[in-house]
Undergrad: 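Structure incoming, see below.
Treat the numbers as computed from the prediction; the structure is a model and nothing was measured. Residue numbers start at 1 and run along the sequence shown.
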Amino acid sequence: MTRVVATTPGLFPLPDWAKEELSDLKGHQKDDLISGDESNEITAAYDRARSEVVDRQQAAGLDRIVEGQLRWDDMIAHPLAVADGVETRGIVRYYDNNNFYREPVVTGDLSASGDVAGELDAASEQVDDGLQAVLPGPYSLADLATDDHYGDEAAFLDGIADFLADEAAQFPDVETLFLLEPSLVENAPDDGEDERASEAIDTVANAVDADVVAHTYWGALEEKVYAHLMDADVDAIGFDLVSNHDENVYNVQEYGTKDDVALGLVDGQNTLVESPETIRERVDWFDDQTNGDYDTVYATSNTELFYLPVNKAEAKLDALADAAELEEVEA
């Protein structure tokens, strides 16, 4: 029987009180964004906010708990933005939306900072089991960054993958690792590069003793990219059923998928809150369309949740958790 696991890809909106307090503490300029050497007051505010969002996920009944990535001012570019050997320069658009991040420019050899691991260590004090880590996938992180050091696209991707693997190797025990790979859809790799992207994902996945999900969103993968991703040593691939359910289903019908899947079932960028029944219907529809006999379905939002007001993000957590508890719903 398929197990439905309620989770998210992380990057939660800051609680309103934290947004106000941190705005006063950090300032309002690019140079005031997170750099990894914050004051005790800033660190304490983020600690309280992280504890709050962990508690809220547990109250909702999610099966996997993330630390929230509240410090990720630069969205999924954050791990590079706080790393040595990286300069943050101009503000650039985050994919095709109205959010912006500091462009991370790699100017030297990369080494793990332990920044993401430290946040997970703190969250693990509140989470007995079901802790989930979140990292950018190596292809997406390389796509968002600029190389002023490696001098070759393949070498740069390898360097990013090794950097993420070293960070992941410092994690406390986690149940699941979500690797966020929107660039595989938004800026699909060319021939040859698609195979290297999957090998880079392998490098990160093999650094942890956890179930690894390569989560893609904002559409569906090109067929060749998907076929190569199927070769990656991950436990599940994520499908955005909000943005493009038909082509995602086609890829699975044509090429198969892993024993586990992650399904983007609620819209991380729309304030309309889906009902648990609607979410479960989408799980059952995907299962019917793909003739699946999945061991695990990760029921999640399609994208990060920071786009939403806090109350709407929290309502979607509740709906996902409730949907995972439902029996199969008649379509």
Side-chain angles (χ1 to χ4, degrees), residues 8-60 62 65-92 94 98-105 110-128 131-136 141 144 163-164 166-168 170-172 174 180 304-314 317:
T8 71
L11 281 86
F12 286 15
L14 270 168
D16 292 335
W17 68 263
K19 194 177 299 182
E20 295 176 8
E21 183 172 329
L22 286 163
S23 179
D24 292 338
L25 289 169
K26 290 166 61 180
H28 305 277
Q29 304 301 316
K30 177 175 81 74
D31 291 340
D32 299 318
L33 299 180
I34 287 294
S35 60
D37 57 355
E38 288 67 54
S39 68
N40 290 336
E41 291 84 359
I42 292 173
T43 298
Y46 276 115
D47 286 346
R48 297 197 307 275
R50 182 190 57 249
S51 179
E52 183 176 305
V53 301
V54 168
D55 283 344
R56 185 61 181 83
Q57 292 170 81
Q58 292 172 323
L62 291 180
I65 307 297
V66 300
E67 57 92 358
Q69 295 73 49
L70 302 175
R71 293 174 59 251
W72 290 26
D73 285 333
D74 299 285
M75 287 72 83
I76 67 173
H78 168 85
L80 273 184
V82 298
D84 291 335
V86 178
E87 296 177 6
T88 54
R89 296 182 185 170
I91 297 293
V92 291
Y94 182 62
N98 292 324
N99 293 280
F100 296 84
Y101 69 101
R102 295 170 295 176
E103 178 188 17
V105 181
L110 292 169
S111 60
S113 66
D115 182 275
V116 180
E119 292 292 302
L120 284 167
D121 280 331
S124 70
E125 297 177 7
Q126 289 177 254
V127 182
D128 292 330
L131 183 63
Q132 176 176 297
V134 175
L135 280 174
L141 188 55
L144 293 173
F163 162 73
L164 291 171
D166 289 345
E167 183 72 29
Q170 300 181 45
F171 289 173
V174 296
L180 307 185
E304 316 101 309
L305 290 168
F306 71 86
Y307 304 97
L308 299 173
V310 171
N311 65 329
K312 296 297 184 178
E314 291 181 344
L317 302 184

Undergrad: Looking at CZ of Arg50 and CZ of Phe12, how far apart are the two atoms once the value is rounded to the nearest 0.5 Å?
TA: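 These two atoms lie 13.5 Å from each other.
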Undergrad: Between Glu103 (side chain) and Ile91 (backbone), is there a donor-acceptor pair under 3.5 Å?
TA: no
Undergrad: Provide the closest heavy-atom pair for Glu304 versus Pro9 in the form atom of the first, atom of the second, distance.
TA: N-CG, 4.0 Å
Undergrad: Testing Ile65, Leu131, Val54 for side-chain contact (heavy atoms from CB on, under 4.5 Å) with Ser124, which one passes?
TA: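 For Ser124, the side-chain contact (heavy atoms from CB on, under 4.5 Å) check succeeds only for Leu131.
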Undergrad: Going through the checks in order, is the side chain to side chain contact (heavy atoms under 4.5 Å, CB included) test met by Phe163 and Val86?
TA: CA-CA 12 Å; Phe163 162 73; Val86 178; over 6 Å; no
Undergrad: Are any of the side-chain heavy atoms of Val116 and Gln170 separated by less than 4.5 Å?
TA: no
Undergrad: Quick check: closest heavy atoms across Phe171 and Ala133, and the distance to 0.1 Å?
TA: CE1-CB, 3.5 Å
Undergrad: How long is the gap from CZ on Arg48 to CG on Leu70, to the nearest 0.5 Å?
TA: 12.5 Å
Undergrad: Using only atom types and a distance under 3.5 Å, with no angle test, would you say the side chain of Gln57 pairs donor to acceptor with the backbone of Val53?
TA: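 Side chain of Gln57 to backbone of Val53, a donor-acceptor pair under 3.5 Å: yes, one is there.
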Undergrad: If you round to the nearest 0.5 Å, how far is CD of Gln132 from CG of Leu120?
TA: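 Between atom CG of Leu120 and atom CD of Gln132 there are 10.0 Å.
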Undergrad: What's the separation between atom CG in Asp128 and atom CD in Gln58, rounded to the nearest 0.5 Å?
TA: 8.0 Å
Undergrad: Measure the shortest side-chain to side-chain distance between Ile76 and Leu141 over non-hydrogen atoms and say whether it is less than 4.5 angstrom.
TA: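 A side-chain contact is absent here, since even the closest heavy-atom pair is not under 4.5 Å.
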Undergrad: Please examine the side chains of Ser113 and Asp84, heavy atoms only from C-beta on, and report whether any two atoms are closer than 4.5 Å.
TA: no
Undergrad: Nearest 0.5 Å, please: how far is OG1 in Thr88 from CG in Asp74?
TA: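 Reported value, rounded in 0.5 Å steps: 7.0 Å.
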Undergrad: Do the side chain of Glu119 and the main chain of Arg71 share a donor and acceptor less than 3.5 angstrom apart?
TA: no
Undergrad: Judged by atom type as modelled, is there a donor-acceptor pair below 3.5 Å linking the side chain of Glu67 to the main-chain atoms of Ala122?
TA: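 No; zero donor-acceptor contacts below 3.5 Å.
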Undergrad: What are the two closest non-hydrogen atoms of Ala49 and Leu14, and how far apart are they?
TA: CB-CD2, 4.5 Å
Undergrad: Please find the pair of heavy atoms, one from Leu110 and one from Gly85, that lie closest to each other, and give the distance.
TA: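 Distance-wise, the nearest heavy atoms are CD2-O, 4.5 Å.
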Undergrad: Report the residues that fulfil side chain to side chain donor-acceptor pair (under 3.5 Å) with Asp166, sequence neighbours left out, ordered by chain and then residue number.
TA: none
Undergrad: Identify, with sequence neighbours excluded, every residue that meets side chain to side chain contact (heavy atoms under 4.5 Å, CB included) alongside Thr43.
TA: Glu38, Asp47
Undergrad: Considering non-hydrogen atoms only, spot the tightest contact between Val310 and Pro15 and give its length.
TA: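 Taking every non-hydrogen atom into account, CG2-CA, 4.0 Å.
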Undergrad: Give me the atom names and distance for the closest heavy-atom approach of Ala117 to Glu167.
TA: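 In terms of heavy atoms, the two residues are closest at N-OE2, 3.0 Å.
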Undergrad: Heavy-atom distance under 4.5 Å between the side chains of Leu317 and Leu305, does that happen here?
TA: yes
Undergrad: Drop me the distance from Gln69's CD to Leu11's CG, to the nearest 0.5 angstrom.
TA: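 The CD atom of Gln69 sits 5.0 Å away from the CG atom of Leu11.
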Undergrad: Using the ring pair (Phe, Tyr, Trp, His ring centres under 6.0 Å) definition, which of the options Trp72, Phe306, Tyr101 pairs with His78?
TA: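 It is Trp72; the other options fail the test.
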